[in-house]
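Read through the structure below, which is laid out as structure tokens, and then see the notes.
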Amino acid sequence: MRKFMWKKAAAAAMTATILATSATVLQAAAPPDGYTNAQDTVEAYGGAYSNWMTKWNSTISKDREQISLSPGSDNSSVNFAWYTKKSAGVQKLKIAENKRLTNAKVYEAEQTKAVTDKDETEYVSNKVIATDLKANTTYYYSYQKDGQWTAPEKYTTDNGSKFSFIFVGDPQIGSSNELKGAATEEFYNAQSAAVANDAFNWNTTLNQAMEKTGNKASFVLSSGDQIQSTKKKSPNKAAWGSEIEYSGYLSPDVLKNLPVATTVGNHDADNANYTYHFNTANASELGSNGKVGGDYWFKHDNALFIMLNTQDTNVEEHRQFIEQTVAANKDCKWRIVTLHQDIYGSAEHSNEPEITNLRYQLAPIFEDNKVDVVLTGHDHAYSRTQILKGGHKTTEYTDDEFDPMLDEDMDAGENPDTVYTAKENIKADTTDPSQKAYLNYLNQVMDKDAIQQVTKKGTTVFNPTGILYMTAGSSSGSKYYDLVPRQQSYIANRWQQDVPTYSVIDITDTTFTINTYRTDTEEKIDETFSIAKVNESDNKNQTDNTQTDNKKQPTTAKKNTTKPVEKAVAPKKTVVKKVKAPGKKKIKITVKKSSEQVSGYEVILSTKKNFKNAKKITTKKNVVTVKKLKAGKKYFVKVRAFKKVGNKKIYGNYSTVKKVIVKK
């Protein structure tokens, strides 16, 4: 589906020539998707972004030989993959329990031909599987790059009793490039600037996520679209066109110590470079699309992870793979499936017929195999469903039948404002037959009858027989989509504020717990949600809070919470006119008055650029003086407007961060 919302200008790092070209493109075509400009983030302050750009231009953008780690078949192994120049010959990796790598186990890499880059350098892909690793142990590894051993990097196994992992959606490094897909030389200059922008944000997300886990995450799980440039849409359909994007994707230091379980997305699927950069465990030809391999699985402690390449639409092969994998791992207490398409999402792709058709093909297979959770991406907006079971197709339609109506319904017009929930252009009282058919289709795919009755206490669901579906937002801010105007009945919560997000998932023998965060404030965007598998005797004293099926949905709760939020439009991004220190131990903040009606402003200030231990002030005035501050200290300040809807506040985006030094 095409995107209608223009939300951000081009990254400031792009050259004047590219900006001029971009302006021409914008006048002639639909506006591109919004993205997060890395230079506007708190992490960019203090010279961090300029330092990053220096490093990017001098080394990272040219480095094709960064290593990737992927989960092994189980906790006792880890998989490695990296490029080297073909001329370097056979390469090795060694791993040991000490940083000096004495008594290290040495592996000779298996090599395959990889890619010939733009400068005609031939690369090979090196792959190693390190096995027989002990639990709760820190290892050090080094690998050869063109015959030279790298500095040792650390990899730590967990203790196996419980673990955490980081769930991210669509890094899609390079997607903020406004010239993507344009067969011009300018594309490559714009691509480099965009990849630098997105990779900086990707670094931020992973750093924050690791910190949130106490640096104890076992791995990252990505729901697909690691990079932007498909082979088909690269100028001259060059296979190497995405390699600079992989350089950005692999650049975070976190990824030198942490495996990533990648899922094949539509932007990964037509270029075998994906298979050269990642070394997946238990890879199968079932589900293969002929370019990037098929489905694969791994288990970690008590959980089985089934990774599907649904860019191959042969659902029967996916069925075979799931059944075989489940049969071979009956001891696992949790079954988690990951695929790219958001078959139960809530943003622009979610109502597309090709997505809902895939839903009704796959969901029965998941249910037959007692899958607990399905993790997806593709829609660049967060959503979490109710517990669902038994959804089925109740009206016939083709894959592209309602695409024009979906576009019309969400079209923001010629001069769109930034919104997070798309417009509802097709009204319920329409008399147009084709529009009425479209609205009937939307009603059918709400899957009201699939919502399961479950036992709850607070936000914990006990012993569900259905499945939780969760869609991740953008983890790099390279591209955002708006939520559909009509929240689906199957959705429990959804969120879009054009901010990168990530989830931390904690698994024990009896619980599966999800917390999801935004990167600008590091606050949760949804309540903590847990699934608990306990004996009935353990649960008999719990207070029952029952989520009913659709026929008995708690309509009062929907009216009090969900609907007002969806109907209200969040305030526009706040603009801070000035921040000054007019006297001792105080600062004065002046906010530009909004042209829209707002209820007030939230002012946040801190001596730390990540706004830890921040002071928060709520005010109805656009000018506020804050007193009793630390003399001589530098303060970081940001402000956001809010509107009151009932007993809730709807917040807009934070202003650009300002800095001020308090007078002594």
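What's counted below: heavy atoms across the whole structure, side chains too, no hydrogens, waters or symmetry copies.
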Open item on the list: Under a 3.5 Å distance rule, please check whether N369 uses its side chain to pair with a backbone N or O of V371 as donor and acceptor.
Closed with: no
- [ ] Tell me, please, which residues at least two apart from W82 pass ring-ring contact (aromatic ring centres under 6.0 Å, His included).
- [x] Y143
TODO: Kindly give the heavy-atom pair with the smallest separation between Y480 and P500, and that separation in Å.
DONE: OH-CD, 3.1 Å
- [ ] For the residue pair Y107 and T131, establish whether any side-chain heavy-atom pair is separated by less than 4.5 Å.
- [x] yes
Task: Ring geometry between H378 and H349 (parallel below 30°, tilted from 30 to 60°, perpendicular above 60°) - done: parallel
Task: Side-chain heavy atoms of F165 within contact of I507, under 4.5 Å - done: yes
Open item on the list: Can you confirm if the aromatic rings of F278 and Y296 lie within a centre distance of less than 6.0 Å?
Closed with: no
Open item on the list: Taking the side chain as everything from C-beta on, heavy atoms only, tell me whether D170 gets closer than 4.5 Å to S223.
Closed with: yes
- [ ] Report yes or no: is the cationic atom of R64 (NZ for Lys, CZ for Arg) closer than 6.0 Å to the six-membered ring centre of Y246, at no more than 45° off its axis?
- [x] no
Open item on the list: We want to know whether E43 and Q208 form a side-chain donor-acceptor pair, criterion being a heavy-atom distance below 3.5 angstrom.
Closed with: yes
Task: Ring centroid separation Y155 to F80 under 6.0 Å - done: no
- [ ] Would you confirm whether the ring centroid of Y123 sits within less than 6.0 angstrom of the ring centroid of Y276?
- [x] no
Open item on the list: Check for me whether the distance between the ring centres of Y469 and Y490 falls short of 6.0 Å.
Closed with: no
Open item on the list: Less than 4.5 Å apart, side chain to side chain, heavy atoms only: is that true for Y35 and S175?
Closed with: no
TODO: Please answer whether the main-chain N or O of S288 pairs with a side-chain N or O of N309 as donor and acceptor at a distance below 3.5 Å.
DONE: no
Open item on the list: Are R384 and D526 packed together at the side-chain level, in the sense that at least one heavy-atom pair is separated by less than 4.5 angstrom?
Closed with: yes
TODO: Would you indicate whether the side-chain heavy atoms of F321 and I306 approach each other to under 4.5 Å?
DONE: yes
Open item on the list: Using side-chain heavy atoms (C-beta onward) and a distance below 4.5 Å, is M470 in contact with F529?
Closed with: no
Open item on the list: Under 6.0 Å from the ring centre and within 45 degrees of the ring axis: does the NZ or CZ of K524 meet both conditions for the six-membered ring of W495?
Closed with: no
Open item on the list: Does the plane of the ring in H277 sit parallel, tilted or perpendicular to the ring in Y83? Use 30° and 60° as the thresholds.
Closed with: parallel
